[in-house]
Amino acid sequence: MSIKIKSPTFPESVADGTIANWLKKEGESVKQDEVIAEIETDKVVLEVLAQSDGTIKKIIKIEGEIVSSAEIIGEFEESNDSLEDAAVEKNEEVVEEKPTKKDKKTNLSNDKKIGPAAKKIILEKNIDPKDIKSSGKDDRITKADVINHLDTSDGESKNIFKENSILKSDRPEKRVPMSRLRSTIAKRLVSVKQDTAMLTTFNEVDMLPIKELRSKYGAEFEKEHDVKLGFMGFFVIAAVQALKKFPVVNASIDGEDIVYHGFQDIGVAVSTDRGLVVPIIKDADTKSLPEIEKSILSYSDKARNGKLSIEEMQGGTFTISNGGIFGSLLSTPILNAPQTAILGMHAIQDRPVVSNGEIVIRPMMYLAMSYDHRLLDGKEAVTFLVSIKEQLESPERLLLNL
């Protein structure tokens, strides 16, 4: 029986998506709930799953085409016992014919998944997939991976690059379309710069008290809660306490109105291969330190595997971004509209500081807080950042809600 393959039903906040890639080609057999295609929206990658065992009959929307919610993108032939046997025999014949026809010894039976475009080049260039470093989702080998592999090897590398280049010269260039996520990020950043009066205030925090806490109780914490005691959890709790003191920092602007939020939903920026995403820790004010650390770990894993849902990234009243994990010493974070402020963490660096009239070496971190000057005055922004600094330098304040 023939079944229509439809794109997923998009959430209200998503207008359309782009066919990122087909993981199965026409004529290939699939198992129920197997991913057959991926659709990239401006927020997440949505998977199209096979409804039952069968065969891809027809691909209507090819890679790169824009699709709307629940739109037909292909056709699927549901299998019965005889069709399954026929499909197996057909696939076996195809696998046997290709090496004979092309006289190739390439073995595509590999632990890694291989995209159709990548598979074509692998067969043409007689490459062993095991030698290719994969960067795609679920360790999939993409066309770019194959090209990069040939680029770093001798022989045919230049020819492959020239096929994808713009200028036929000894200075090749390649033009690729911007992904939906990257395009959305670009538009939002430009919009924030144009539509807000963004200003940044800086401070620094002595991380020694928290480092000593982690050193003293880290192993016991991990054994008890099955998650490592990181730095971000302390920053989330400190931000929550400071937001309660300064509700205007937790507010947002909607037209001519100021919207005050009676809850603290903290966004934690996570860098992925596709770009920066910000999953939200909902009701962070009601969560304990272990619960926050588990949420951060879970969201980070989901983000890097492209498994974040729209709901997990919607909302948020305040954002924390950690550029320190990449070695950034100081930066100016950009607001995550329509939020009023964002906190930037940076690398911890041993520096000489004055403590009780003496010069000592302490692990210091620069903090940066960007805020919308239309809503926050300098006094409120600076005092808010100082509150975070004081809590981090005296962790007991976090426990006493001071």
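Throughout, numbering of the chain's residues begins at 1 and tracks the sequence.
- Applying the side chain to side chain donor-acceptor pair (under 3.5 Å) test to pairs two or more places apart or on separate chains, those with a residue in residues 355-370 are Thr200-Ser370, Asp206-Arg362.
- Within the 4.5 Å cutoff, the side chain of Phe202 has no heavy atoms near those of the Leu367 side chain.
- A distance-only check finds a donor-acceptor pair linking the side chain of Gln339 to the backbone of Thr319 [under 3.5 Å].
- Once rounded to the nearest 0.5 Å, the distance linking CD1 of Ile342 with CD1 of Ile334 reads 8.5 Å.
- At least one donor-acceptor pair under 3.5 Å links the side chain of Gln391 to the backbone N or O of Ser387.
- The two residues Ala239 and Phe318 have their closest heavy-atom pair at CB-CE2, 3.9 Å.
- One finds the CG atom of Leu375 at 7.5 Å from the CD atom of Glu380 (value rounded to the nearest 0.5 Å).
- Under 3.5 Å, the side chains of Thr317 and Asn250 contain a donor-acceptor pair of N or O atoms.
- In this structure a side-chain-to-backbone donor-acceptor pair under 3.5 Å is present from Ser7 to Ser68.
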Task: Test side chain to side chain contact (heavy atoms under 4.5 Å, CB included) applied to Glu393 and Val205, step by step - done: CA-CA 7 Å; Glu393 291 183 340; Val205 57; 3.5 Å; yes
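- Rounded to the nearest 0.5 Å, atoms CD1 (Ile388) and NZ (Lys245) are 10.0 Å apart.
- Separation of atoms CG (Leu376) and CG (Leu199) is listed at 10.5 Å; rounding is to 0.5 Å.
- In this structure, the side chains of Val248 and Thr340 stay at 4.5 Å or more apart for every pair of heavy atoms.
- Annotation: the span from Thr201 atom OG1 to Phe384 atom CZ amounts to 11.5 Å, rounded to 0.5 Å.
- Inter-residue side-chain proximity for Ile266 and Leu243 is flagged as met; some heavy-atom pair is nearer than 4.5 Å.
- At a threshold of 4.5 Å between non-hydrogen side-chain atoms, the residues Thr196 and Arg374 count as touching.
- The shortest heavy-atom contact between Ser331 and His346 is OG-NE2, 2.7 Å.
- Glu40 and Thr18 share no side-chain donor-acceptor pair at under 3.5 Å.
- The existence of a salt bridge linking Glu71 and Lys61 is confirmed by a sub-4.0 Å separation between a basic side-chain nitrogen and an acidic carboxylate oxygen.
- For the 3.5 Å distance criterion, the side chains of Glu63 and Asn21 fail to qualify, holding no donor opposite an acceptor.
- Pairing each heavy atom of Leu229 with each of Glu293, the nearest pair is C-OE2, 4.2 Å.
- Between the Gln241 side chain and the Ala238 main chain, no donor and acceptor come within less than 3.5 Å of each other.
- Asp350 contributes no side-chain N or O that, together with a main-chain N or O of Ile361, makes up a donor-acceptor pair within less than 3.5 Å.
- Using a 4.5 Å cut-off on side-chain heavy atoms (C-beta onward), Met365 and Gln349 make no contact.
- Within 6.0 Å of atom NZ in Lys389, more than 12 heavy atoms from other residues, nucleotides or ligands are found, so the atom counts as buried in its surroundings.
- With respect to Lys4 and Glu75, a salt bridge is recorded, a charged nitrogen being found less than 4.0 Å from a carboxylate O.
- Using a 4.5 Å heavy-atom cutoff, the side chains of Ile210 and Leu392 are in contact.
- Shortest non-hydrogen contact noted between Gly378 and Tyr371 is CA-OH, 3.7 Å.
- The shortest heavy-atom contact between Val236 and Ala284 is CG1-CB, 4.2 Å.
- A distance-only check finds no donor-acceptor pair linking the side chain of Glu47 to the backbone of Glu38 [under 3.5 Å].
- Taking CZ of Phe235 as the start and CD1 of Ile237 as the end, the distance is 12.0 Å to the nearest 0.5 Å.
- Classification of Lys24 and Glu34 as a salt-bridged pair holds, one side-chain N sitting under 4.0 Å from a carboxylate O.
- Side-chain contact check for Lys294 versus Ser298: every heavy-atom pair is 4.5 Å or farther apart.
- Not a single donor-acceptor pair under 3.5 Å links the side chain of Arg351 to the backbone N or O of Pro363.
- The side chain to side chain donor-acceptor pair (under 3.5 Å) analysis of residues 209-230, with sequence neighbours excluded, yields no pairs.
- Looking at Lys307, its side chain never comes within 3.5 Å of a backbone N or O of Tyr299 through a donor-acceptor pair.
- Using a 4.5 Å cut-off on side-chain heavy atoms (C-beta onward), Glu312 and Lys302 make contact.
- Heavy-atom minimum distance, Ile292 versus Gly233: CG2-CA, 4.0 Å.
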- [ ] May I have the step-by-step check of side chain to side chain contact (heavy atoms under 4.5 Å, CB included) for Asp16 and Val67, ending in yes or no?
- [x] CA-CA 6 Å; Asp16 52 36; Val67 296; over 6 Å; no
- [ ] Start with the C-alpha gap between Val353 and Ile359, add the side-chain angles, then the distance that decides, and say whether side chain to side chain contact (heavy atoms under 4.5 Å, CB included) holds.
- [x] CA-CA 5 Å; Val353 295; Ile359 298 177; over 6 Å; no
TODO: For side chain to side chain contact (heavy atoms under 4.5 Å, CB included), just list the numbers for Met313 and Val278, CA-CA rounded to whole Å, side-chain angles, deciding distance to a tenth of an Å, and then say yes or no.
DONE: CA-CA 6 Å; Met313 293 191 289; Val278 186; over 6 Å; no
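- Side chain of Ser191 to backbone of Lys187: no donor-acceptor contact under 3.5 angstrom is found.
- Side chain of Gln264 to main chain of Asp285: no donor-acceptor pair is present (N/O by atom type, distance under 3.5 Å, no hydrogens or angles).
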